[in-house]
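Lettering of chains follows the sequences in order, A, B, ..., and the numbering in each one begins at 1.
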Amino acid sequence: MLDIKWIRENPEAFVEGLESRKTGPEARQLLNQILKLDEERRGTIQKLQGLQARRNAASKEVGQAKAAKDEASAVRLMDEVAAIKGAIQLDELTAGRLDSELFELLSRLPNLPLDDVPIGLDETANAVLREVGTPPKFDFAPKQHFELGEALGLMDFEIAAKLSGSRFVVLKGALARLERALAQFMLDLHTSVHGYTEVNPPLLVRDDTMFGTAQLPKFAEDQFSATKPLTEAEATILAKQLFPDREGGGVAQMATELLRLDVRLERKEHYWLIPTAEVPLTNLVRESVLDEAKLPMRVTAWTPCFRAEAGAAGKDTRGMIRQHQFSKVELVSITTPEQSRDEHERMTACAETVLKRLGLSYRVVVLSTGDMGFAAQKTYDIEVWLPGQGAYREISSCSICGDFQARRMEARYRPKGAKDTRFVHTLNGSGVAVGRALVAVLENYQQADGSVVIPDALKPYMGGLTKIEPAH
RNA sequence: GGAUGGGUGGCCGAGUGGUUGAAGGCACCGGUCUUGAAAACCGGCAGACGUGCAAGCGUCUCGUGGGUUCAAAUCCCACCCCAUCCGCCA
């Protein structure tokens, strides 16, 4: 969330920043709308506060008058308070409405880019910063991961489709183990070498948590949610409320219909499945005031991630690249504003170390203003080389969010010796996507006979296995 | 699912209608003492918003929203959340 005070004081920077994001042409119009609302809001507050001050003073005088047995003054003052009461209620209502309108607008605005982010509308404006490692040479045509996995008999999309539909996969045997090995290798690296603390967070979270990291309110359609189904009793009550003119059999029929439609109650226990461990990990500091000495705070987690992939129809339909469920080792840092830029470089280096140790070649890309995620001020994508696809594909994304998420979470810290609190800065990055790492290992370590050699870094985690071969 | 209890400042915790934005303690900050540190003692210390060059002043906030009242942390209602016990269950 952007700071309204900052917008008020830096309107041109606001428009410029917003125009460089996807918001584009409406930026100026948005600014005007926001400033107008803000002005009305402050005007109402000033008026309201004047009235409240008079009410408070008069109420105190009532007490004093009564104590002094001056009934006449007391009555006169009480009449005065009664007279301004209506105006106060009206202004309270107006102020509340303006407040929530402004909040609604601000909560849907993306973060603004840092100065050194390349300006552009999409990925064509991204800039490659470095290429690391040498892509392997093959004296045969390298296969794609799903060809390898299916031929090995250890990767099954058909059965996954029967269980869950498209964009799911079942891994078996050595490939299932490879996924676990990759995750453990990454966690061990980050906890014992990079200083991150391992966390095992909830995978189901509340609205407020999703709002904190900015998946809500704007990106609800990209998420999966989990809700307790309506009971028959609740459906009946709801049917009566919704269709008061029906009775008897009519109500029962509508109740059945509500159950069939899987109608949900706003108030009923309702969760979101995390699209990334960034959500629970970053929210670990929500609604708190941290000691500066505890920063930077670094946490990591290996979790499943769930994404609806709305709007991705037709993209990466084959294989494991884009799934509704995948696992990822996530890195999150909570820092002071002074630390965050360095931390961003450090975090990216931590993710790069994973790929280096796995012997995978990759490149680091800085995303353009138009290609960055909603909450980011600056993002580095790490793209791993996939010989089967003959392309670099994103395997990690490291973002610095400034105080954008901290404002939404109310996450602050107290600088040493200071009286006031400040918002923390938050950063998140994949360290790295496990499913895609598995894809990369398969494609980079494949042999002419379809077998796959285990990279040295993973051998300790594979129980003595050095090569995955077709099972028969 | 059933039954209780509870949500107060960074933390713990007192407070049942009138200078209580809130006792006390801890933590933190400044000072005295000390070679230094600790202890002890003295003092300071909520946040948001509005306004002002500033010092300051004002308003709101004791889970959230509404109500009663001249006046609400305190009374009433609804909702949210947390804990414990029982039941069910990995």
Side-chain angles (χ1 to χ4, degrees), chain A residues 1 3-9 35 37-103 106 200 202-209 211-212 227-234 237 241 265-271 283-295 297 334 403 406-424:
Chain A
M1 192 112 101
D3 182 6
I4 180 63
K5 274 192 223 161
W6 182 87
I7 296 175
R8 204 186 290 150
E9 286 158 17
L35 291 183
L37 262 178
D38 181 45
E39 210 168 299
E40 283 179 40
R41 175 179 138 270
R42 283 187 296 153
T44 307
I45 287 174
Q46 276 184 53
K47 187 155 147 272
L48 172 63
Q49 292 186 348
L51 291 172
Q52 285 171 327
R54 181 55 207 148
R55 179 197 62 190
N56 292 347
S59 290
K60 248 173 213 171
E61 288 169 35
V62 171
Q64 288 162 0
K66 290 212 164 177
K69 301 261 188 257
D70 182 357
E71 280 304 320
S73 296
V75 168
R76 184 180 52 75
L77 287 161
M78 279 155 70
D79 285 347
E80 186 190 339
V81 173
I84 53 178
K85 197 174 177 178
I88 288 180
Q89 279 183 330
L90 196 67
D91 283 347
E92 276 176 347
L93 227 57
T94 309
R97 181 176 53 77
L98 293 170
D99 244 353
S100 49
E101 272 179 43
L102 190 60
F103 184 84
L106 292 177
N200 198 331
L203 308 179
L204 298 177
V205 299
R206 289 190 218 287
D207 288 13
D208 287 350
T209 309
F211 181 85
T227 310
K228 280 190 173 180
L230 226 54
T231 63
E232 283 186 38
E234 285 167 338
I237 292 170
Q241 287 173 352
L265 289 179
E266 176 86 54
R267 287 205 189 110
K268 187 130 176 165
E269 219 169 8
H270 165 263
Y271 297 107
N283 276 279
L284 286 176
V285 298
R286 69 176 294 116
E287 293 164 59
S288 62
V289 179
L290 305 168
D291 275 342
E292 183 174 11
K294 288 195 177 141
L295 305 176
M297 172 179 141
I334 310 296
D403 63 9
R407 285 180 188 282
R408 293 172 162 251
M409 298 189 298
E410 289 187 67
R412 303 157 199 278
Y413 78 101
R414 195 181 305 280
K416 189 168 164 49
K419 225 174 81 176
D420 295 339
T421 57
R422 301 168 76 191
F423 287 111
V424 296

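At whole-Å resolution of the value, CG in A:Leu51 and C1' in B:U51 are 16 Å apart. Look at CG on A:Leu102: it is 17 Å from P on B:A48, rounded to the nearest Å.
Minimum interatomic distance between A:Pro415 and A:Arg422 (heavy atoms only, all atoms of both residues): CG-CD, 3.6 Å. Of all non-hydrogen atoms in A:Asn283 and A:Thr209, the two that sit nearest each other are ND2-O, 2.9 Å.
Side-chain nitrogen and oxygen atoms of A:Gln46 include at least one within less than 4.0 Å of the OP1 or OP2 phosphate oxygen of B:U51. At B:G50, one or more side-chain N or O atoms of A:Arg8 fall inside 4.0 Å of OP1 or OP2 (strictly under the cut-off). Note on A:Arg412: every side-chain N or O is 4.0 Å or more away from OP1 and OP2 of B:G10. Applying the 4.0 Å criterion to OP1 and OP2 of B:G50, one finds that A:Lys47 has every side-chain N and O outside that range.
For B:A73 and B:G18, the C1' atoms lie 14 Å apart once the distance is rounded to whole Å. Nucleotides B:A48 and B:A39 place their P atoms 31 Å apart, quoted to the nearest Å. Comparing B:G7 with B:U64, their C1' atoms are spaced 11 Å from each other, to the whole Å. Atom C1' of B:U69 sits at a distance of 12 Å from the matching atom of B:C76, rounded to the whole Å. When the C1' atom is compared between B:C88 and B:U20, the two are found 47 Å apart, to the nearest whole Å. The separation of B:G10 from B:A23, taken at their P atoms, amounts to 14 Å, rounded to a whole angstrom. The gap from the P atom of B:G66 to that of B:U74 amounts to 14 Å, rounded to the nearest Å. Spacing between B:U61 and B:U8 at atom C1', rounded to whole Å, works out to 11 Å.
Residues passing the side chain to side chain contact (heavy atoms under 4.5 Å, CB included) test with A:Leu204, sequence neighbours excluded: A:Ala226, A:Tyr271, A:Leu273. Residues satisfying the side chain to side chain contact (heavy atoms under 4.5 Å, CB included) test with A:Leu284, not counting sequence neighbours, are A:Val199, A:Leu281, A:Met297, A:Val299. Qualifying side chain to side chain donor-acceptor pair (under 3.5 Å) partners for A:Arg41, counting only residues two or more places apart in sequence or in other chains: A:Asp38, A:Asp99. By the ring-ring contact (aromatic ring centres under 6.0 Å, His included) test, A:Phe211 pairs with A:Phe103, sequence neighbours left out. Taking A:Glu101 as the reference, A:Arg97 meet the salt bridge (Lys or Arg N to Asp or Glu O under 4.0 Å) condition, with sequence neighbours excluded. For A:Thr421, the side chain to side chain contact (heavy atoms under 4.5 Å, CB included) partners are A:Val289, A:Arg412, A:Arg414, not counting sequence neighbours. By the salt bridge (Lys or Arg N to Asp or Glu O under 4.0 Å) test, A:Glu287 is found to be paired with no residue, residues two or more places apart in sequence or in another chain being considered. Partners of A:Lys5 under the side chain to side chain contact (heavy atoms under 4.5 Å, CB included) rule, at least two apart in sequence or in another chain, are A:Asp3, A:Arg8.
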Provide a list of protein-nucleic acid N or O atom pairs under 3.5 angstrom, restricted to nucleotides 43-46 of chain B.
none

Tabulate protein N/O versus nucleotide N/O from nucleotides 58-62 of chain B, keeping only pairs under 3.5 Å, one per line.
from: B:G58; atom 1: N2; to: A:Gln49; atom 2: OE1; distance (Å): 2.9
from: B:G58; atom 1: N2; to: A:Gln49; atom 2: NE2; distance (Å): 3.1
from: B:U59; atom 1: OP1; to: A:Asn56; atom 2: ND2; distance (Å): 3.3
from: B:U59; atom 1: O3'; to: A:Gln52; atom 2: OE1; distance (Å): 3.2
from: B:U59; atom 1: O2'; to: A:Gln52; atom 2: OE1; distance (Å): 2.6
from: B:C60; atom 1: OP1; to: A:Arg55; atom 2: NH2; distance (Å): 2.8
from: B:C60; atom 1: OP2; to: A:Asn56; atom 2: ND2; distance (Å): 3.3

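Backbone-only engagement by A:Arg41 is indicated by non-hydrogen atom pairs under 4.0 Å involving sugar-phosphate atoms exclusively. Backbone-only contact: A:Lys5 has heavy atoms under 4.0 Å from sugar-phosphate atoms and none from a base.
Annotation: of the two residues near RNA chain B, A:Arg42 and A:Asp291, the 5′-most nearest-nucleotide partner is A:Asp291.
Distance from the side chain of A:Arg206 is smallest to B:C81 among B:C49, B:C81, B:U51.
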How would RNA chain B look in dot-bracket form, 5' to 3', counting Watson-Crick and G-U wobble pairs with both distances under 3.5 Å and writing | for bases paired to another strand? (((((((..(((.....[.....))).(((((.......))))).((((((....)))))).(((((..]....))))))))))))....
